[in-house]
Amino acid sequence: MAAVRVRHAYDGGPAVLDDVSLEIAEGRATALLGRNGCGKTTLLRVLTGGLRPAGGEVRLDGRPVAYGRRGLTALRTAVQLVLQDPDDQLFSASVAQDVSFGPLNLGLPEAEVRARVAGALAALDIAGLRDRPTHQLSYGQRKRVAIAGAVAMRPRVLVLDEPTAGLDPAGVESLLVTLGGLRGAGTTVVMATHDVDLAYRWADDAAIFDGPLLRTGPARELLADDDLLTRARLRPSWACTAGRLLRAHGLLPDGPFPATPEELRAAVPSPGG
Amino acid sequence: MAAVRVRHAYDGGPAVLDDVSLEIAEGRATALLGRNGCGKTTLLRVLTGGLRPAGGEVRLDGRPVAYGRRGLTALRTAVQLVLQDPDDQLFSASVAQDVSFGPLNLGLPEAEVRARVAGALAALDIAGLRDRPTHQLSYGQRKRVAIAGAVAMRPRVLVLDEPTAGLDPAGVESLLVTLGGLRGAGTTVVMATHDVDLAYRWADDAAIFDGPLLRTGPARELLADDDLLTRARLRPSWACTAGRLLRAHGLLPDGPFPATPEELRAAVPSPGG
Amino acid sequence: MHIAEGFLPPIHAAAWTVAAAPFVVHGARALTRQVREKPEGLLLLGAAGAFSFVLSALKIPSVTGSSSHPTGTGLGAILFRPPVMAVLGTITLVFQALLLAHGGLTTLGANAFSMAVAGPWAGYAVYLLARRLGGSLGTGAFLGAFAADLSTYCVTSVQLALAHPDPRTGFAGALAEYGAVFAVTQVWLAIAEGLLTLLVVRLLAQS
Amino acid sequence: MLAIDAAAYRSPWRHRHPGDKAVLAFGLLGAAVALPPWPGAVIVGAVALGLLLGPARVPARQVWRSGRAPLGFAITGVLPLLVSVGGPGGFVTATPGGPRDAALVLARTVAAGLALLLFAFTTPLAEALPRLTRLGVPAPVVEVASLTYRMVFTLLDTAGQIRRAQAGRLGYASRRAALRSLAGIAGALFTQAFARAQRLQHGLTGRGYAGSLPVLADGARIDGRFVSLSAALVAAVVAVTLAVGA
């Protein structure tokens with residue numbers, strides 16, 4: 001799917017998106033980066049049909065999305081957005097009820113709804129929470145329930161806004177494992193984040209808001225461009241900085257830089273060896 | 001100030017804090033680390049008088065805190081807590097009114113209250129926001145207003161729970177500058193965080209929840225202990241991992257490791273040089 | 001359905017203010033007592049007030065295809081009891097007048113009487129009656145909200161008919177006319193609000 | 001989020017004492033309601049509109065957007081004045097003098113509505129509310145109202161987010177689904193509002209919260225000149241109305 005030359009402004013305000021294009025390649029992991037207020041969230045809402053752009057178009061399978069009821073239903077069946085704050089997304093008494101909301105609205109038969117709920121809970125590794133009231137769960141658990149609600153729609157593209165915000169390091173790790181599972185099952189995943197090292201580690205493709213311009217390309221190239229990152233008011237990544245220094249001194253073989261401290265330790269020989 | 005052998009459990013639940021001690025050295029920056037649910041937030045509430053521990057005691061200037069009205073007022077004049085979500089702390093639609101709440105509760109005369117409000121807004125670099133309603137502010141701006149509300153109490157110790165959560169990299173940088181200013185003015189600052197690299201960069205002392213035990217010590221030592229970090233379900237830091245490798249190969253002089261990618265780049269000579 | 005600013009003649013505006021005042025003052029005393037008893041009272045009531053306002057700002061689909069807003073008076077009365085609702089409802093009406101230009105200050109008394117007094121009391125009474133007669137929580141909530149809605153509109157129709165009686169058929173004629181104008185949309189709206197309240201109360205009871 | 005509220009914080013009269021604006025706007029409001037609608041309502045309406053568009057610098061489009069809903073009510077509300085149902089003349093008949101009565105009520109409503117908007121568009125509620133205690137409103141009521149005002153915006157924001165999230169999961173694809181979605185919003189708002197209240201209590205305890213929320217209102221003073229000019233303007237409106245009407 002793709003956003004093509006999209007423009008948008010809220011209610012007479014300044015343009016939030018100005019001529020922005022983004023192509024999301026099927027089956028790949030795309031990271032969207034930019035400082036707060038750059039238009040990231042607006043772009044995600046445009047892509048997922050939550051907002052009709054003032055100009056340009058959103059394309060699904062090469063065809064522009066029609067903003068009638070049928071067109072939007074088609075888009076929403078294909079693409080699902082998970083918001084940063086799970087409390088903006090959970091509104092039912094129990095976990096199972098919340099996850100069943102989307103499938104019920106699709107008009108599926110009850111058996112199919114049940115199967116989808118069970119499948120989504122299993123995919124998010126929260127089958128044990130199914131009968132718990134949502135507001136008694138921890139933040140990380142609520143986040144998983146919110147994702148399960150989107151996954152139960154069986155979207156081809158899953159879009160996550162800052163999914164790691166508020167999680168502790170162990171929570172981030174297990175979320176990445178879960179997303180890996182979804183990708184293995186064929187889902188295209190898009191993630192908005194501030195964390196350059198996380199994006200370097202996780203993404204195939206990257207898109208970075210450089211002021212109003214959206215730069216796109218392979219993650220390992222784009223995220224190694226410190227000038228671009230600085231202009232975008234992001235930080236240079238540890239992975240590229242450390243990797244580059246070690247490689248310059250002949251301590252790291254060619255290829256992508258190790259993406260975590262653990263990988264780095266494993267890749268660099270100790271001085272005796 | 002210090003927490004000595006503190007124990008706490010919520011309403012018949014399991015112990016959240018079990019025999020935990022923490023000494024906060026005056027004038028130093030202390031980072032408190034641990035996974036979600038380890039008791040970090042509970043410890044912060046105990047330290048700041050929001051929660052009376054079931055066992056053990058909190059000491060201020062060597063004397064145990066009395067939980068009567070006068071004792072608590074003395075503690076709150078000395079120690080202030082800023083919560084992670086600013087909306088849990090901002091009750092007024094007006095920035096200036098919200099910041100005036102604490103000083104008014106201290107029974108200060110109006111002129112002094114106005115002076116403190118102005119001082120706190122200036123210290124947080126948000127004097128320009130004073131006439132904006134809270135609901136028109138961005139998340140980062142609301143966070144600053146919440147901190148200003150605590151700073152207006154002129155505490156000797158300022159305690160912040162996950163102050164960088166939800167901020168973008170530029171927001172984190174400017175918050176660190178602001179905290180530096182407060183420390184320069186003599187405030188002791190304590191910060192709870194998940195981010196080991198941030199703690200390594202910022203803190204003098206560290207305290208890490210290793211299961212129910214709280215390990216304390218100089219930040220540069222404690223945060224370089226990868227075994228401890230792994231047991232605490234945190235990640236090893238980039239700064240220590242990269243720094244150690246480079247030092248092992250003779251590329252980095254002795255001393256603390258460079259704490260940011262920029263510092264690392266500046267510290268390691270290029271191969272030609 | 002808020003009576004717009006200036007729609008009532010001054011005598012009527014004053015009279016309805018006098019009629020609503022004892023309920024609101026009584027509610028304010030109850031509220032002050034609640035706040036003094038426990039410090040969390042103030043924050044909970046602020047949350048309740050905000051909840052009432054935002055509830056009345058939700059758009060609910062109506063039969064005609066246009067949309068309308070729930071009054072929230074039935075739900076509010078069941079959750080917070082009518083005396084406190086008299087104050088919270090009046091605060092909501094002041095905010096609606098000043099933030100949304102719905103209703104007004106000279107018509108505040110009349111609107112408070114219908115939406116913060118009559119509606120909540122009628123809704124609460126019907127809810128209690130239904131529960132006493134063995135009705136389920138859901139049935140009670142549905143009937144209570146339905147009654148609150150309907151009584152609000154009946155009182156509003158009476159207020160309008162008193163203010164603008166028909167020169168030939170008098171108050172009764174005007175009441176029939178206002179009743180007819182509002183009944184078409186409001187009966188369905190009352191049913192929709194009853195259903196909504198039923199769902200909300202069930203949801204809250206489960207969690 | 002709420003257009004009138006946002007405009008009030010941008011108003012050139014924003015830093016005036018709320019009392020200044022109350023004398024002017026509520027003076028005109030009283031005149032609109034109390035004076036005979038002809039010519040009183042027309043004069044008050046013109047003056048209030050002139051003040052809104054002129055010194056208060058509210059764009060005409062915003063006045064129209066905020067005024068059209070109450071105008072809709074007023075037009076529906078005067079329809080029964082035009083006809084009689086039943087009675088001696090037949091089932092539905094035109095009321096004699098109906099159009100004139102309807103026009104007068106409509107004029108009074110418009111004039112009074114504009115006077116109300118004059119206050120609403122120039123006075124941030126955050127500054128007006130704490131001063132209500134001076135008018136005898138009990139402090140707890142004022143504090144509940146102030147908290148309500150603050151929390152309305154966080155809850156509206158949440159309501160909007162949940163609504164969009166529901167739409168993304170096809171929650172408004174049918175009327176049945178829409179009703180279920182709305183109940184979900186109301187339920188979530190209820191639990192969140194009270195959870196928030198509890199967390200606010202934790203957040204405020206450290207700053208000395210013990211059941212009341214004292215705040216310092218901004219330092220604006222009543223401007224004697226503005227108040228006397230306002231009173232003179234209202235008096236002039238009354239005088240002209242009575243003179244023309246006589």
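Every chain is numbered from 1 and lettered A, B, ... according to where its sequence line falls, protein lines coming before strand lines.
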Heavy-atom proximity to chain D below 4.5 Å, by part of A48(C): both
Proximity breakdown for F121(D) and chain C, heavy-atom pairs closer than 4.5 Å: neither
Toward chain C, the part of L117(D) with a non-hydrogen atom under 4.5 Å: side chain
Toward chain C: residues of residues 104-111 of chain D with heavy atoms under 4.5 Å: V105(D), R108(D), T109(D)
Pairwise distance CD(E177(C)) to CG(L82(D)) - rounded to 0.5 angstrom: 9.5 Å
For the student: nearest non-hydrogen atoms of P140(D) and T32(C), plus distance: CG-CG2, 3.7 Å
Criterion ring-ring contact (aromatic ring centres under 6.0 Å, His included) on F7(C) and F73(D), from CA distance to verdict: CA-CA 9 Å; F7(C) 198 77; F73(D) 170 89; 5.4 Å; yes
Closest approach of L203(C) to G184(D) (non-hydrogen atoms, all atoms of both residues): CD1-CA, 4.1 Å
P80(D) versus Y178(C), closest heavy-atom pair with distance: CG-CE2, 3.6 Å
Approximate separation, where rounding is to 0.5 Å, of T148(D) OG1 and F53(C) CZ: 10.0 Å
Part of Y209(D) within contact of chain C (heavy atom distance under 4.5 Å): side chain
Heavy-atom pair of closest approach, residues P10(C) and A34(D): CG-CA, 4.1 Å
Side chain / backbone / both / neither for L2(D) at chain C, heavy atoms under 4.5 Å: side chain
Between CG on residue L44(C) and CZ on residue R196(D), distance to nearest 0.5 Å: 14.0 Å
Distance, nearest 0.5 Å, that separates CD of E5(C) from CG of L116(D): 5.0 Å
Atom pair CG/CD of L45(C) and E143(D) - distance to nearest 0.5 Å: 11.5 Å
Engaged part of T123(D) at the chain C interface, taking heavy atoms whose separation is under 4.5 Å: neither
Residues from residues 96-112 of chain C approaching chain D under 4.5 Å (heavy atoms): A97(C), L98(C), L99(C), L100(C), A101(C), H102(C), G103(C), G104(C), L105(C), T106(C)
Contact class of L213(D) relative to chain C, heavy atoms under 4.5 angstrom: both
S146(D) side, atom OG; L42(C) side, atom CG - distance, nearest 0.5 Å: 9.0 Å
Residue pair L199(C) / R180(D): nearest heavy atoms and the distance that separates them: CD1-CA, 4.2 Å
Heavy-atom pair count under 4.5 Å with chain D, highest-scoring of V94(C), D166(C), L75(C): D166(C)
Aromatic ring pairing F80(C)/F194(D), orientation class (parallel under 30°, perpendicular over 60°, tilted between): tilted
Structural part of L125(D) lying under 4.5 Å from a heavy atom of chain C: side chain
Proximal component of A69(D), with respect to chain C [non-hydrogen, under 4.5 Å]: side chain
